[in-house]
**Q** 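Before we start, here is the structure in question, set down as structure tokens.
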Amino acid sequence: MIKKAGIENSEEIANLAIQMWTETTVQELIEEFTDLISKEDAQLLLKYDQNTPVGFAQCQLRYDYVEGTETSPVGYLEGIFIAEEYRHKGYAKELLSECEKWAKEKGCTEFASDCETDNDSSFNFHMALGFEEANRIICFTKKL
């Protein structure tokens with residue numbers, strides 16, 4: 001079962017997301033997801049196996065330029081995660097499909113995503129589910 005997340009699900013999503021976004025805290029994620037859930041241009045979805053939350057997807061509308069796209073807004077997969085013991089069952093594909101459906105309902109004709117250049121499993125996931133690589137970049141920062 002896939003369900004649109006409500007504020008009451010922020011902690012469930014955060015407990016899944018911390019396994020992917022380890023540089024933050026569960027509390028910071030709870031706050032971020034609680035804020036996003038109330039926005040019209042964001043969608044958080046939870047995937048359950050029986051009554052156990054096993055994965056989530058975060059998608060949003062991006063109005064700024066998205067590499068490789070020609071329209072605005074663009075549906076954007078900000079994050080997707082399935083707990084390791086539940087992978088390879090098609091759950092991520094189901095979540096992505098719901099994100100794409102949501103983006104179409106919001107008037108989008110394009111959907112995009114990204115991953116780090118060294119994240120082979122994410123790259124393979126995107127390629128297997130019909131994404132095309134648009135570009136590779138290296139970002140720089142400098143302290144002033």
**Q** Pairing donors with acceptors under 3.5 angstrom, does anything connect the side chains of Asp120 and Ser122?
**A**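 Absent: no donor and acceptor within the cut-off.
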**Q** Are Leu45 and Lys3 close enough that some pair of their side-chain heavy atoms sits under 4.5 Å apart?
**A** no
**Q** If we only count heavy atoms from C-beta on, is the Gln58 to Gln60 side-chain gap below 4.5 Å?
**A**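 Yes, at least one pair of side-chain atoms sits under 4.5 Å.
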**Q** If you draw a 6.0 Å radius around CD in Glu133, do more than 12 non-hydrogen atoms from other residues or ligands fall strictly inside?
**A** yes
**Q** Assess whether atom CD of Glu11 is packed by more than 12 heavy atoms of other residues, nucleotides or ligands within 6.0 Å.
**A**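 Not buried by this count: 12 neighbours or fewer within 6.0 Å.
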**Q** I need the minimum non-hydrogen distance between Glu67 and Ala134, along with the two atoms involved.
**A** O-CB, 3.9 Å
**Q** Do Leu29 and Trp21 touch side chain to side chain, with heavy atoms closer than 4.5 Å?
**A** yes
**Q** With hydrophobic residues grouped by side-chain heavy-atom distances under 4.5 Å, do Leu46 and Val54 end up in a single group?
**A**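 No; Val54 is not reachable from Leu46 via cluster members.
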**Q** Would the distance check show the side chain of Glu28 and the main-chain N or O of Thr25 forming a donor-acceptor pair, the cut-off being under 3.5 Å?
**A**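 Yes, Glu28 side chain to Thr25 backbone: donor-acceptor pair under 3.5 Å.
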**Q** Just how far is it from atom OH of Tyr76 to atom CG of Asp41, taken to the nearest 0.5 Å?
**A** 15.0 Å
**Q** Can you give me the closest heavy-atom contact between Ser72 and Tyr63, atom names plus distance?
**A**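 Looking at all heavy atoms of both residues, the shortest contact is OG-O, 3.1 Å.
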**Q** Between Phe125 and Ala92, which heavy-atom pair has the shortest distance, and what is it?
**A** CE1-CB, 3.5 Å
**Q** For the hydrophobic clusters of this structure (ILVMFWY residues joined by side-chain heavy atoms under 4.5 Å, transitively), does one cluster hold both Leu36 and Met20?
**A**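 Yes.
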**Q** Tell me, with the steps shown, if Asp49 and Tyr91 meet side chain to side chain donor-acceptor pair (under 3.5 Å).
**A** CA-CA 9 Å; Asp49 185 321; Tyr91 292 169; 2.9 Å; yes
**Q** Can you find a heavy atom in the side chain of Val74 that is under 4.5 Å from one in the side chain of Cys108?
**A** no
**Q** What closest approach, in Å, do Pro53 and Leu16 show between heavy atoms, and which atom pair accounts for it?
**A** O-CD2, 4.0 Å
**Q** With a 4.5 Å cut-off on side-chain heavy-atom distances among I, L, V, M, F, W and Y, is there a chain of contacts connecting Met1 to Ile13?
**A** yes
**Q** Flag the pair Glu31 / Asp35 as yes when at least one side-chain heavy-atom distance between them is below 4.5 Å, and no otherwise.
**A** no
**Q** Could you state the interatomic distance from NE2 (His126) to OG (Ser121), rounded to the nearest 0.5 Å?
**A**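 Spacing of NE2 (His126) from OG (Ser121) equals 10.0 Å.
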**Q** For Asn9 and Glu12, which I'm curious about, is there any donor-acceptor pair between the side chains at under 3.5 Å?
**A**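 Checked: Asn9/Glu12 side chains pair up, N/O donor to acceptor below 3.5 Å.
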**Q** Does a salt bridge link Glu40 with Lys106, judged by any charged N lying under 4.0 Å from a carboxylate O?
**A** yes
**Q** Check for a donor-acceptor pair, side chain of Thr22 on one end and backbone N or O of Gln19 on the other, with a separation under 3.5 Å.
**A**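 Flag not set: sc Thr22 to bb Gln19 has no pair under 3.5 Å.
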**Q** Within this structure, what is the CD-CD distance for the pair Glu98 and Gln43, rounded to the nearest 0.5 Å?
**A** 8.5 Å
**Q** Dump the intermediate steps for salt bridge (Lys or Arg N to Asp or Glu O under 4.0 Å) on Arg62 and Glu78, then the final yes or no.
**A** CA-CA 10 Å; Arg62 290 213 180 168; Glu78 302 288 349; 2.8 Å; yes
**Q** Please verify the inter-ring angle class for Phe81 with Phe56; under 30° counts as parallel, over 60° as perpendicular, anything in between as tilted.
**A**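 Answer is tilted, since the angle falls between 30° and 60°.
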**Q** State, with a plain yes or no, whether a side-chain heavy atom of Ile7 is found less than 4.5 Å away from one of Phe33.
**A** no
**Q** Measuring from Lys39:NZ to Leu44:CG, what's the distance to the nearest 0.5 Å?
**A** 11.5 Å
**Q** Given side-chain contact (heavy atoms from CB on, under 4.5 Å), test Phe131 with Asp114 step by step and report yes or no.
**A** CA-CA 10 Å; Phe131 285 92; Asp114 64 57; over 6 Å; no
**Q** Taking atom CD of Glu116 as the centre, does the number of heavy atoms from other residues, nucleotides or ligands within less than 6.0 Å exceed 12?
**A**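 It does not: Glu116 CD has 12 such atoms or fewer within range.
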**Q** Same cluster for Ile37 and Ile80 if Ile/Leu/Val/Met/Phe/Trp/Tyr side chains link at under 4.5 Å?
**A** no
**Q** Flag the pair Tyr48 / Ile2 as yes when at least one side-chain heavy-atom distance between them is below 4.5 Å, and no otherwise.
**A**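 Result no, sub-4.5 Å side-chain heavy-atom pair not found.
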**Q** Are Ile82 and Leu95 packed together at the side-chain level, in the sense that at least one heavy-atom pair is separated by less than 4.5 angstrom?
**A**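 SC-SC contact between Ile82 and Leu95 confirmed.
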**Q** Should the heavy atoms of other residues, nucleotides or ligands under 6.0 Å from CD of Glu132 be counted, would the total exceed 12?
**A**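 No, CD of Glu132 has 12 or fewer neighbouring heavy atoms, counting only those of other groups under 6.0 Å.
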**Q** Give the cluster check for Ile18 versus Ile30: same hydrophobic cluster or not, with ILVMFWY residues linked at side-chain heavy-atom distances below 4.5 Å.
**A**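 In one cluster: yes.
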**Q** Decide if atom CD of Glu23 counts as having more than 12 heavy atoms of other residues, nucleotides or ligands within a radius under 6.0 Å.
**A** yes
**Q** Which pair of non-hydrogen atoms, one from Glu94 and one from Lys47, has the smallest distance, and what is that distance?
**A**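 For Glu94 and Lys47, the tightest heavy-atom pair comes out as OE1-NZ, 2.8 Å.
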**Q** Report yes or no: is the cationic atom of Arg136 (NZ for Lys, CZ for Arg) under 6.0 Å from the centre of the six-membered ring of Phe123, at an angle within 45° of the ring normal?
**A**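 Verdict for Phe123: a cation-pi partner in Arg136.
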**Q** Is the backbone N or O of Cys115 less than 3.5 Å from a side-chain atom of Asn119, with the two atoms forming a donor-acceptor pair by type?
**A**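 No, because the side chain of Asn119 does not come within donor-acceptor range (under 3.5 Å) of the backbone of Cys115.
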**Q** Which atom pair, heavy atoms only, marks the closest approach of Tyr65 to Thr69?
**A**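 The answer is CE1-O, 3.6 Å.
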